[in-house]
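Everything on this sheet refers to the single structure shown next.
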Amino acid sequence: MTFKLLNQLKKQTPIVIAHRGASGYRPEHTIAGYELAIDMGADFIEPDLVITKDGVLIARHENEISGTTNVADKSEFASRKKTKIINGASIAGWFTEDFTLAELKKLRAKERIPKLRPQNTIYDGLFEIPTLQEIIDLVQRKSLEVGRTIGIYPETKYPSYFKSINLSLEDNLIAVLHENGYTGNQAPVFIQSFEVSNLKELSKKTDLPLVQLLSSTGKPYDFLLNGDIRTYTDLATVKGLKEIAEYAQCIGVNKNLIIPKDIHGKLQLPTSLVEDAHKASLLVHAWTFRNENEFLPVDFQNNPQKEYELFRNTGIDGLFSDYPDTALTI
Ligand code: G3P
Ligand code: CA
């Protein structure tokens, strides 16, 4: 384990990772949302990454982009609408891999959840889809401006799917990060994935810290493809964590795996996951913290700070939040 990781394990205050930017305040995955998160004091910003037809990594949570852009309003792209099977689900819409970067740059972002966050719709139509390079340029410029190192926390989205259409994410991601000076296990970078095989591949190609994401249900999609019967729950056991520690330095977990909720949404006693992970020399970062009552446990309605306090006391090393300013009040 590196010095940096050991220090983080001892640190009491979890690092704050701006989930898709300051996505409580701006449409997700926009330069404006990332910049606001940095100005609020976030330690890391989180771009989810997909890829264009011409092989450029860009920030979107899905490769289907009608939920977060105005692509459906663009008559010039009407004929690009398709139905595809993505990770086993039939999805109709417009897909990044069918557009060049120049074409995608004609689109503008919009708020994903306008009913819950109507105040953010005033920004609809203003911001471009950013490339990974543009996000790195922002982070490096802002780090100099604010006088502290801002980290970047990219997630490889649908890695098996993109590999199957000859648009692999991994080599491209490493090349961009390495070219921009992010090398070695001390770099302010965490690379995350919900799949396992691409993290194992990455571990052979880079020393940058890797994060195995664990959902509270289901299984890694690559496990489904290669016939591995294990689930995320299996990976969260002592045995599973030991295996993860062979290729990753951190787990990024659904917070329900740390403090489960009952069928009424009330919080239960913490599990041993944080302690088990630390014993396996893994950091623990939990997702996703949001201010709206729709996302808060019934115990803490109108009081998101209480949820942060509770989770901080479990010993987590970091947390993903849509509201970095609220997260930083704990
Ligand atoms: O990447 C971890 C966290 O972001 C939760 O996943 O679905 O929001 O990308 P998601
Ligand atoms: Ca993510």
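Note that ligands are numbered from 1 as they come in the structure, with each ligand's atoms numbered from 1 the same way. Nothing fancy with the numbering, it's 1 onward along the sequence.
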Practice item. Can you figure out which of Glu28, His61, Glu46, Gln192 has its heavy atom closest to atom 10 (P) of ligand 1? Key: His61
Measure across [X] and [Y] and return the closest heavy-atom pair with its distance rounded to 0.1 Å.
X      : Y      : value
Pro220 : Val196 : CG-CG2, 4.0 Å
Tyr308 : Leu319 : CE2-CD1, 3.7 Å
Leu241 : Ala236 : CD1-O, 3.8 Å

Practice item. Could you point out which residue of Phe190, Tyr153, Phe44 forms a ring pair (Phe, Tyr, Trp, His ring centres under 6.0 Å) with Phe320? Key: Tyr153
Check your understanding: Nearest to atom 9 (O) of ligand 1, what protein heavy atom do you find, and at what distance?
Key -> Lys157 NZ, 2.8 Å
May I ask you to list the atoms of ligand 1 that are less than 4.0 angstrom from any heavy atom of [X]?
X      : value
Asp48  : 9 (O)
Leu213 : 1 (O), 2 (C)
Arg20  : 7 (O), 8 (O), 10 (P)

Exercise for review: Quick one: pull up OG in Ser193 and NZ in Lys157 and give me the separation to the nearest 0.5 Å.
Suggested key: 8.5 Å
If you look at [X], which of its N/O/S atoms is nearest to the Ca ion (ligand 2)?
X      : result
Glu155 : OE1
Glu46  : OE2
Asp48  : OD1

Point to revise | ligand 1 contact by Phe194, heavy-atom criterion under 4.0 angstrom | key: yes
Check your understanding: Any chance the side chains of Gln186 and Asp207 put a donor and an acceptor closer than 3.5 Å?
Key -> no
Check your understanding: So with a 6.0 Å cut-off around CD1 of Ile229, is the heavy-atom count from everything else above 12?
Key -> no
